[in-house]
Structures are given as C-alpha cells and as structure tokens.
There are 2 protein chains.
Amino acid sequence: MNMLFKALNDPTRRQMLDLLRAGDLTAGEIADQFAMTKPSISHHLDLLRQAGLVDSVKEGQFIRYTLNTTVLDEMLSWLMSFKGSAVHNSSPPVDPPQP
Amino acid sequence: MNMLFKALNDPTRRQMLDLLRAGDLTAGEIADQFAMTKPSISHHLDLLRQAGLVDSVKEGQFIRYTLNTTVLDEMLSWLMSFKGSAVHNSSPPVDPPQP
DNA sequence: TAGATAATTAGACAAATGTCTAAATAACAG
DNA sequence: CTGTTATTTAGACATTTGTCTAATTATCTA
C-alpha cells in the first residue's frame, strides 16, 4: 500500500484523479489544467501509473490516461476496518440508571 | 485533507494506528513496538495528532494516546466516490451478440 | 530535596520529493 | 526529408521528511 499512499499524498495528483473521473484525458489535456511544466506533469502521471491508479495507452502521437480505481479497494477496506474496530477504553459518560 | 494524507503516508505511523485499534497506549508503550528512538516516535505521534488521527491526554507522568477515526470520514467518502463515479470510455471488450 | 522515569523540544543531517530547464523520442503533416 | 507537435527522460536544485543525539520539562518517589 506504500506506493498508493505516496501517490495520493500530493494535491496535484489527487486533482489529476478528480479530472479523470469525468473521462479519459491525454497528457497534454491534463497538463493544460495545471500551472506547471509538462515534465512535472509527466512525472506526476508516472507516479500515479506506478501506483496503479491510472493506465496509459499510446494513441498515435498522444498518450491517453485512464482512471483505474481497483487498487483503491485495499486502502478502502483498511480504512473502513478502523470505523468498525474502534475500542472504547474511556469510562462511560454517565452512570447506568439505578432501578 | 492534506495533513491526513501526509500522516498516513508512512508505514510507521500506519502501524501505530493499527496498534491503537486494540486500545489506548502510552507513548512509551508505543515506542516499545518499534526499533526507533523515542524522539522519533514522539515526532510521528505529533504528526498523527496534528492530522486529528489520535488524541493525547496527559495522565500523571504518562501521555495516553487514543485513536480518533472521525477524520477518516472525509477521506473515506472521497475514495468511495471514485468507486461510484467511474466513467467507461473504452470500447466494449466484445461485440454484442448477433441475433 | 535529589534522583529516577516519561516524554518532548531543539538542532543536525542524509534521503526523498517536487519543480524546473534542456535534450531526446516518436508521430504526424507538408 | 523537414519541421512541428506530444510526451518523456535526464539532470540540477531547493524543500520536505525521517531519523538521530543532546538537552529540557514534568512527574513520581525515597
């Protein structure tokens, strides 16, 4: 899960994923949305690809990036397990009612 | 969400959260589980606290750390929205059956 | 009060990260 | 073929991050 958390630990990359929700985009179309050079964009896309969050397909001169959310499953279940397995160590907030 | 992703982007800190699922622990008890100096542990716990993932309460000489999963909600819903809003741009994998 | 224990703060340092410019690769259009 | 467009690769550089040692603060106890 390390690569996954690393990939998501950047606002630019998270925004890229948000953009891709509406549909596939080429590297250039993605770059147009950010105030950043194309090599930087390329590097971010590479990290997302390494994490498995996007797939890339060359189409002629362009490279089309597609969102791939399957890798999120592991992270999602890890996070959700926290919402279920909470342990209550603190004292109860009130005394139980006396009969 | 930046602090939250940052806090989770470290195996040691994620392991700390896993430890706290079984119940509250003091800083020293947490430190015992890692091959790392106490100042380093203290720093990690500070980041978790800044992210809101743990609460700390001083009890005499000790400091007791408690898991707090409420901040996970925002992240969880962001992640889950990906599993719902996927768009299918690619061609269908097979041709539809011919009658 | 003196000494021991729990934990943090302060500061140093190497490694990782995000960004840039310059150059390389690959595909298209004339 | 030549030039233009899309994208990546390579390398440099400043910032952030994780770790350590040394010192500090706070609490307990004899």
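Lettering of chains follows the sequences in order, A, B, ..., and the numbering in each one begins at 1.
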- Message: Under the rule for salt bridge (Lys or Arg N to Asp or Glu O under 4.0 Å), what residues qualify as partners of B/D32, not counting sequence neighbours?
- Response: none
- For the side chain of B/I63, starting at C-beta, report the closest nucleotide among D/dT19, C/dT8, C/dC20. C/dT8
- Task: Measure from the side-chain heavy atoms of A/H44 and tell me the nearest of C/dG18, D/dC20, C/dT8.
- Result: C/dG18
Residues in side-chain contact (heavy atoms from CB on, under 4.5 Å) with [X], at least two apart?
X	answer
A/D73	B/K83
A/S42	none
A/E29	A/L25, A/T26

Polar atom pairs between nucleotides 10-13 of chain C and protein, under 3.5 Å, N or O only, would you list them?
none

[N] [atom2] sits how many Å from [X] [atom1], rounded?
X	N	atom1	atom2	answer
B/E29	C/dA7	CD	P	8 Å
B/M36	D/dT17	CE	P	16 Å
A/R64	D/dA6	CZ	C1'	13 Å
B/F34	D/dC20	CZ	P	13 Å
A/L25	D/dA6	CG	C1'	15 Å
A/D46	D/dA6	CG	C1'	16 Å
B/N2	C/dG18	CG	C1'	13 Å
B/I41	D/dT21	CD1	C1'	16 Å

- Item | Rounded distance [0.5 Å steps], CD1 in A/I41 versus CD in A/Q33 | 9.5 Å
- Task: Drop me the distance from B/K6's NZ to B/L48's CG, to the nearest 0.5 angstrom.
- Result: 13.0 Å
What's touching nucleotides 15-17 of chain C from the protein side, N or O pairs under 3.5 Å?
unit_1: C/dT17; atom_1: OP1; unit_2: A/K6; atom_2: NZ; d: 3.0

- Query: Is there a chain of hydrophobic side chains (I, L, V, M, F, W, Y, each step under 4.5 Å between heavy atoms) that links B/M3 to B/L45?
  - Reply: no
- Is there a path from A/L19 to A/L8 through hydrophobic residues (I, L, V, M, F, W, Y) whose side chains come within less than 4.5 Å of each other? yes
- Task: Report yes if a side-chain nitrogen or oxygen of A/T26 is closer than 4.0 Å to either non-bridging phosphate oxygen (OP1 or OP2) of D/dT7; otherwise report no.
- Result: yes
- Contact under 4.0 Å: B/T37 side-chain N or O vs D/dC20 OP1/OP2: yes
- May I ask you to list the residues of residues 49-58 of chain A, by number, that have any heavy atom positioned under 4.0 Å from an atom of DNA chain D? none
- Message: Suppose we screen for side-chain hydrogen bond (donor to acceptor under 3.5 Å, both in side chains). Which residues come up paired with B/S77, at least two apart in sequence or across chains?
- Response: none
- side-chain hydrogen bond (donor to acceptor under 3.5 Å, both in side chains) partners of B/T37, counting only residues at least two apart: B/S40
- Message: Applying salt bridge (Lys or Arg N to Asp or Glu O under 4.0 Å) as the test, list every pair that has at least one member in residues 41-59 of chain A; sequence neighbours left out.
- Response: A/D46-A/R49, A/E59-A/R64
- Message: Mind checking if A/Y65 touches a base, just sugar-phosphate, or nothing, with heavy atoms under 4.0 Å?
- Response: sugar-phosphate
- Item | A/R21 side chain to A/L67 backbone, donor-acceptor under 3.5 Å | no
- Hey, which sits more toward the 5' end of DNA chain C by its nearest nucleotide, A/F62 or B/S42? B/S42
Please list, pair by pair, any protein nitrogen or oxygen found under 3.5 Å from a nitrogen or oxygen in nucleotides 28-30 of chain D.
none

- Task: Answer yes or no: is there a side-chain heavy-atom contact under 4.5 Å between A/L20 and A/T66?
- Result: no
- Message: Quick test of your reading: applying ring-ring contact (aromatic ring centres under 6.0 Å, His included), list the pairs with at least one residue in residues 17-69 of chain A, sequence neighbours left out, ordered by first then second residue.
- Response: none
